Undergrad: 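My questions will all concern the structure given below.
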There are 2 protein chains.
Amino acid sequence: MNGQFQIAVHILTLLNAQPGELLSSEYIAGSININPVLVRKEISNLRKYGLIDSKEGKAGGYSLGMAAKKILMSDVYKAVKVQPALGQAKNKPNPACPVGKQISEHLDELAEEVNSTIINKLKTITLADFGDKFN
Amino acid sequence: MNGQFQIAVHILTLLNAQPGELLSSEYIAGSININPVLVRKEISNLRKYGLIDSKEGKAGGYSLGMAAKKILMSDVYKAVKVQPALGQAKNKPNPACPVGKQISEHLDELAEEVNSTIINKLKTITLADFGDKFN
DNA sequence: TTCATCTGTAATTTTTAATATTACAGTACA
DNA sequence: TGTACTGTAATATTAAAAATTACAGATGAA
């Protein structure tokens with residue numbers, strides 16, 4: 001189990017809700033209710049994708065890296081290491097078995113199709129859309 | 001991480017590949033390369049959904065519970081406890097924060113939409129289709 | 001020009017979930 | 001009645017996620 005996607009969306013939603021302000025990892029962690037270091041770590045990743053800007057030093061903090069309308073949920077999904085939607089087995093099927101020999105390939109293919117489906121769906125939702133749900 | 005879906009599909013694929021025969025948990029486990037008890041456990045679950053039949057006692061074993069053409073990948077997905085596609089955070093957002101107060105609800109909504117999308121996709125693929133990939 | 005407050009990141013510990021293993025009762029057939 | 005299976009509980013092991021600790025570096029303000 002892994003909650004990075006939810007954490008990432010939570011962070012982005014907070015930044016979107018308070019435009020112009022720099023929010024600290026401590027403040028963000030307080031809203032999510034997790035450790036500030038995890039917030040900084042997750043942001044460190046999101047920053048690579050331009051989704052978040054950061055400013056170091058006193059009075060530093062975080063803000064959105066681009067307009068909320070431009071941020072697609074699929075961008076977040078891609079940026080965050082979400083585990084494969086169908087799960088991920090760690091066994092190594094028996095190559096001496098005709099089924100075991102090929103199944104990983106076919107399962108991967110299936111996983112890839114599902115992944116594309118998810119991304120297509122998430123492309124239709126922006127951070128702005130998501131933020132609009134909060135009244 | 002959780003490989004139950006892959007395990008389930010592997011089991012079903014084996015049963016589909018050897019129709020009429022009863023396969024033992026030991027044989028199945030050998031192909032998947034996991035512990036036989038896990039196979040029996042997973043089958044115990046799939047059996048509840050009618051996807052697999054079992055026969056106890058000497059010369060017992062497992063067979064498909066219905067025609068491979070009738071088994072949809074979405075049935076397997078629903079039967080198996082696949083973790084939510086977007087992951088699952090275990091934090092409890094701060095209810096004193098306007099965002100924290102509502103976000104779980106909105107994230108759940110999003111997760112549900114994605115889940116439907118996945119199921120719709122998996123409805124289009126039967127076990128027979130999947131089995132046909134093996135030559 | 002130094003203090004306070006922040007980010008960035010590494011290293012470690014703790015917690016939790018997944019998987020493996022052991023054990024054995026119950027069933028069915030020969 | 002012995003053998004080869006399933007069914008399932010209990011426990012141990014492994015691996016992944018999250019929390020924590022620690023501290024260097026940046027920046028602004030007193």
Side-chain angles (χ1 to χ4, degrees), chain A residues 1-8 10-11 14-15 21-49 51-65 80-84 86-94, chain B residues 1-8 10-11 14-15 21-49 51-65 80-84 86-94:
Chain A
M1 216 180 292
N2 164 312
Q4 283 184 92
F5 180 83
Q6 284 80 1
I7 301 299
H10 195 141
I11 294 169
L14 285 168
L15 298 178
E21 286 179 61
L22 292 183
L23 305 185
S24 71
S25 61
E26 181 118 358
Y27 172 84
I28 294 170
S31 169
I32 303 178
N33 201 10
I34 60 169
N35 195 286
V37 174
L38 288 184
V39 171
R40 301 207 285 272
K41 242 184 204 164
E42 187 53 50
I43 288 179
S44 162
N45 181 49
L46 296 171
R47 217 157 45 105
K48 290 185 202 152
Y49 295 86
L51 301 175
I52 293 186
D53 277 345
S54 70
K55 192 182 170 207
E56 291 190 19
K58 191 169 178 179
Y62 304 100
S63 58
L64 286 185
V80 169
K81 284 118 204 99
V82 177
Q83 53 203 55
L86 300 177
Q88 174 70 56
K90 40 195 153 205
N91 66 303
K92 293 199 182 173
N94 185 348
Chain B
M1 216 180 290
N2 163 314
Q4 284 184 90
F5 180 83
Q6 284 81 1
I7 301 300
H10 195 141
I11 294 169
L14 285 169
L15 298 178
E21 286 179 62
L22 293 183
L23 304 187
S24 71
S25 61
E26 181 118 359
Y27 172 83
I28 295 171
S31 169
I32 304 178
N33 202 10
I34 60 171
N35 194 287
V37 174
L38 289 183
V39 173
R40 302 207 285 270
K41 241 185 205 163
E42 188 53 49
I43 288 180
S44 162
N45 180 50
L46 295 171
R47 218 159 44 107
K48 292 184 201 152
Y49 296 86
L51 301 175
I52 292 185
D53 277 345
S54 71
K55 191 183 169 206
E56 292 191 17
K58 190 168 178 179
Y62 305 100
S63 59
L64 284 186
V80 168
K81 283 118 204 99
V82 177
Q83 54 202 53
L86 300 177
Q88 174 71 55
K90 39 195 153 207
N91 65 303
K92 293 197 180 173
N94 186 347

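Residue numbers start from 1 in every chain, and the chains themselves are labelled A, B, ... in the order their sequence lines are given, proteins ahead of strands. These numbers come from a predicted model, not from an experiment.
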Undergrad: Give the nucleotide from the list D:dA18, D:dA15, D:dT20 with an atom nearest to the side chain of A:K90.
TA: D:dA15
Undergrad: Test side-chain contact (heavy atoms from CB on, under 4.5 Å) on B:E42 and B:V80 and set out the steps.
TA: CA-CA 8 Å; B:E42 188 53 49; B:V80 168; 3.5 Å; yes
Undergrad: Report yes if a side-chain nitrogen or oxygen of B:Y62 is closer than 4.0 Å to either non-bridging phosphate oxygen (OP1 or OP2) of D:dG7; otherwise report no.
TA: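 Yes, because at least one side-chain N or O of B:Y62 sits under 4.0 Å from OP1 or OP2 of D:dG7.
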Undergrad: Select one nucleotide: of D:dA17, D:dG7, C:dT22, the one nearest the side-chain heavy atoms of B:S54.
TA: D:dG7
Undergrad: Please report the closest heavy-atom contact between B:I52 and B:I43, naming both atoms and the distance.
TA: CG2-CG2, 3.8 Å
Undergrad: Within this structure, what is the CD1-to-P distance between A:I43 and C:dC6, rounded to whole angstrom?
TA: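 In whole Å, C:dC6 P and A:I43 CD1 are 14 Å from each other.
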Undergrad: Output the rounded distance in Å from CD (A:Q88) to P (D:dT14).
TA: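 Spelled out: CD on A:Q88 to P on D:dT14 is 21 Å.
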Undergrad: So which one's nearest nucleotide on DNA chain C is more toward 5', B:Q4 or A:G61?
TA: A:G61
Undergrad: Pick the closest DNA chain D nucleotide for B:S24 and for B:N91 by heavy atoms, then say which residue is nearer the 5' end.
TA: B:S24
Undergrad: When we call it a touch if two heavy atoms are under 4.0 Å apart, what does B:L22 touch: a base, just sugar-phosphate, or nothing?
TA: nothing
Undergrad: Would you name the heavy atoms of A:L23 and A:L14 that are closest together and state the gap between them?
TA: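 In this case the closest contact between A:L23 and A:L14 is CD1-O, 3.8 Å.
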Undergrad: Would one find a side-chain N or O of A:S44 under 4.0 angstrom from OP1 or OP2 of C:dT9?
TA: yes
Undergrad: In whole angstroms, how far is the C1' atom of C:dA17 from the NZ atom of B:K81?
TA: 16 Å
Undergrad: Counting only side-chain nitrogens and oxygens, does B:N35 get under 4.0 Å of the OP1 or OP2 atom of C:dT19?
TA: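 Result: no.
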Undergrad: Quick one: side chain to side chain contact (heavy atoms under 4.5 Å, CB included) partners of A:P93, sequence neighbours excluded?
TA: A:N91, A:I103, A:S104, B:H10
Undergrad: Between C1' on D:dG7 and CD on B:E26, what's the gap in Å once rounded to a whole number?
TA: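 Between C1' of D:dG7 and CD of B:E26: 15 Å.
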Undergrad: What is the distance from atom CD1 of A:I28 to atom CZ of A:R40, rounded to the nearest 0.5 Å?
TA: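 So the CD1 of A:I28 and the CZ of A:R40 are separated by 10.5 Å.
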Undergrad: So how far is it from B:I34 CD1 to A:K90 NZ, rounded to the nearest 0.5 Å?
TA: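 Rounded to the nearest 0.5 Å, the CD1-NZ separation comes to 12.0 Å.
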Undergrad: Using OP1 and OP2 only, check whether a side-chain N or O of A:S25 sits under 4.0 Å from C:dC6.
TA: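 No, outside the criterion.
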Undergrad: Separation of B:K41 atom NZ from C:dA18 atom C1', in whole Å?
TA: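 Distance check: B:K41 NZ to C:dA18 C1' gives 10 Å.
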Undergrad: In whole angstrom, give the distance that lies between atom CG of B:N2 and atom P of C:dA20.
TA: 12 Å
Undergrad: Quick one, A:N45 with A:K81, criterion side-chain contact (heavy atoms from CB on, under 4.5 Å). Give me CA distance, side-chain angles, the key distance, then yes/no.
TA: CA-CA 10 Å; A:N45 181 49; A:K81 284 118 204 99; 2.9 Å; yes
Undergrad: Tell me whether the side-chain N/O atoms of A:R47 come closer than 4.0 Å to OP1 or OP2 in C:dT7.
TA: no
Undergrad: DNA chain D: B:V37 or A:V37, which has the more 5' nearest nucleotide?
TA: B:V37
Undergrad: I'd like to compare against my own output: the B/S/- annotation of nucleotides 24-30 of chain C with a strict under-4.0 Å heavy-atom distance to protein.
TA: ---BBB-
Undergrad: If I take atom CG in residue A:L46 and atom P in nucleotide C:dG8, what distance separates them, rounded to the nearest angstrom?
TA: 12 Å
Undergrad: Take the protein atom CG of A:L38 and the nucleotide atom C1' of C:dT12, then report the distance between them rounded to whole Å.
TA: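 About 14 Å, once rounded to whole Å.
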Undergrad: If you compare all heavy atoms of B:P84 against all heavy atoms of B:Q88, which two are closest, and at what distance to 0.1 Å?
TA: CG-OE1, 3.5 Å
